[in-house]
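Data first, discussion second: the structure below is written as structure tokens.
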Number of protein chains: 2
Amino acid sequence: MALRLLDEYGLPDLTMRHIATALEVQASALYWHFPNKQTLLAAVSARILAPMDDVRVEEMTVSEAVRQLGARLRECLLAYRDAAELVSSSLALGLVDSPIRPQLMAVTRRDGVPDSLSRVAAEAVMHFVVGYTFHEQQRLTADSFGLLPEATSLNPEDASAQPAEDGDFGEALTMIADGLEVSVRQYTSGG
Amino acid sequence: MALRLLDEYGLPDLTMRHIATALEVQASALYWHFPNKQTLLAAVSARILAPMDDVRVEEMTVSEAVRQLGARLRECLLAYRDAAELVSSSLALGLVDSPIRPQLMAVTRRDGVPDSLSRVAAEAVMHFVVGYTFHEQQRLTADSFGLLPEATSLNPEDASAQPAEDGDFGEALTMIADGLEVSVRQYTSGG
DNA sequence: ACCTGAACACCGTTCAAGT
DNA sequence: ACCTGAACACCGTTCAAGT
């Protein structure tokens with residue numbers, strides 16, 4: 001229900017009272033199921049990130065895995081209104097697991113990269129994708145409300161085109177992916 | 001004043017009413033100076049990021065510039081409580097300028113990298129640093145309140161050691177910096 | 001086990017009115 | 001030009017009490 005309300009009305013209107021009303025219940029009833037609002041939001045974040053588990057990375061190179069996981073993460077976040085902001089805060093609060101770490105680490109570990117390095121690489125990619133998409137999504141919803149000058153629009157030609165066009169994102173992700181591949185090889189071979 | 005209150009009481013308690021009270025004024029008085037709270041917070045963010053202008057990047061390589069700008073950005077964010085979260089949201093809302101773009105672009109432009117690529121690289125670095133520091137700072141303040149299990153602590157040995165130890169951060173930043181250097185060269189020479 | 005009802009201690013913002 | 005006072009329409013959370 002919270003996920004539905006998030007997508008329909010946005011994060012600022014995702015209040016305990018609205019969720020409760022939509023469930024035809026008092027707001028206080030929610031506190032039997034969740035200790036507080038942040039925990040409830042973390043559960044919503046986990047739902048948003050669920051499709052991450054479908055990515056199969058076994059046969060991929062590090063660079064490929066970074067691109068696939070990064071692109072899928074962005075898709076998950078763009079699938080619901082304000083999802084990037086919500087997930088960003090759940091991640092920062094440590095109430096939700098890293099959405100790409102286990103899969104990326106499976107690949108790097110297979111290639112003999114030390115775990116500490118892999119963890120750091122996974123964090124770098126995650127922070128970039130979430131931050132980028134947060135910013136992107138903010139512009140998208142601001143656009144749809146006509147709140148920004150045209151110059152900052154994302155799709156100047158056709159504002160209602162496919163929403164998940166990757167333009168700069170794909171380029172940046174590829175840069176990072178290739179960069180990590182190179183760095184990881186340096187660290188593992190060179191020491 | 002808002003910056004002082006932020007550092008002392010944290011972002012959740014940085015309310016219009018508290019700011020006004022500290023200024024010995026009514027909350028409504030603030031609305032003569034700022035159209036809303038987000039704009040006021042953006043002004044605070046700009047103050048937090050002011051030291052970014054002191055970084056001199058003219059003679060640096062791309063990799064050096066990324067490391068210097070990234071490290072300085074993290075220092076700015078760690079200088080005040082909850083600053084990373086505050087700046088993250090101001091950036092996402094587009095109410096504050098990118099803290100590293102102009103300087104990093106000066107370097108890449110000098111090296112003949114196309115602007116579109118440079119912009120994307122600057123965004124990648126910015127999102128990584130802000131996201132990483134946001135997460136880090138959250139753990140720091142959670143630590144100081146004893147709210148997390150010990151396993152997630154940052155400084156297991158000495159919780160009140162130097163607060164700005166870069167451990168993983170420096171490693172990750174170097175990886176990204178080297179990676180970008182390589183990628184940027186590929187793009188410019190290879191096409 | 002699960003929920004209600006009412007309260008507590010707050011919010012951001014607006015706006016007529018003052019000086 | 002700058003601020004007050006009062007109000008509007010909300011918040012998250014707690015807790016005794018109900019079934």
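In what follows, every chain begins at residue 1, and chains take the letters A, B, ... in the order their sequences are listed.
- Within residues 7-16 of chain A, no residue has any heavy atom under 4.0 Å from DNA chain C.
- Considering only residues two or more places apart in sequence or on other chains, T108(B) meets the side-chain hydrogen bond (donor to acceptor under 3.5 Å, both in side chains) condition with S118(B).
- For the C1' atom pair drawn from dC8(D) and dC11(C), the interatomic distance equals 12 Å after rounding to whole Å.
- Here the closest non-hydrogen pair linking A84(A) and Q137(A) is N-OE1, 2.9 Å.
- A salt bridge does not link E8(B) to R81(B): none of the charged nitrogens lies less than 4.0 Å from a carboxylate oxygen.
- At a non-hydrogen distance threshold of 4.0 Å, V25(A), Q26(A), S28(A), A29(A) from residues 18-29 of chain A come into contact with DNA chain C.
- For the ring pair (Phe, Tyr, Trp, His ring centres under 6.0 Å) test, no residue two or more places apart in sequence or in another chain qualifies with F134(B).
- Among residue pairs with one or both ends in residues 85-97 of chain A, none qualify as salt bridge (Lys or Arg N to Asp or Glu O under 4.0 Å); sequence neighbours excluded.
- The other members of the hydrophobic cluster of V182(A), by chain and number, are V182(B) (side-chain heavy atoms under 4.5 Å, ILVMFWY only).
- Note on M126(B): it clusters hydrophobically with V184(B), by side-chain heavy-atom contacts below 4.5 Å among ILVMFWY residues.
- Heavy-atom minimum distance, V120(A) versus A172(B): CG1-CB, 2.9 Å.
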Problem - Dot-bracket summary - DNA chain C, pairs being Watson-Crick or G-U whose distances fall under 3.5 Å, with | when paired to another strand - result: ||.|||||...|||||.||

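- Counting 5' to 3', DNA chain D first comes under 4.0 angstrom of a heavy atom of chain B and last does so at the ends given by dA1(D) to dA7(D).
- With sequence neighbours excluded, the residues forming a side chain to side chain contact (heavy atoms under 4.5 Å, CB included) with F169(A) are R74(A), F128(A), V129(A), Y132(A), D166(A), L173(A), listed by chain and number.
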Which pairs of donor and acceptor atoms, one on a side chain in residues 40-53 of chain A, lie under 3.5 Å apart (sequence neighbours left out)?
from: S45(A); atom 1: OG; to: L41(A); atom 2: O; distance (Å): 3.1
from: S45(A); atom 1: OG; to: S90(A); atom 2: OG; distance (Å): 2.9

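- Here R67(B) pairs with S63(B) under the side-chain hydrogen bond (donor to acceptor under 3.5 Å, both in side chains) rule; sequence neighbours left out.
- Between W32(A) and P35(B), the residue anchored closer to the 5' end of DNA chain C is W32(A), taking for each the nucleotide with the nearest heavy atom.
- Scored by the side chain to side chain contact (heavy atoms under 4.5 Å, CB included) test, V107(A) finds V57(A), V62(A), A65(A), R110(A) as partners (sequence neighbours excluded).
- Taking each heavy atom of A124(B) and I176(A) in turn, the nearest pair found is CB-CD1, 3.8 Å.
- Across dA17(C) and dC2(D), the matching C1' atoms stand 13 Å from one another, rounded to whole Å.
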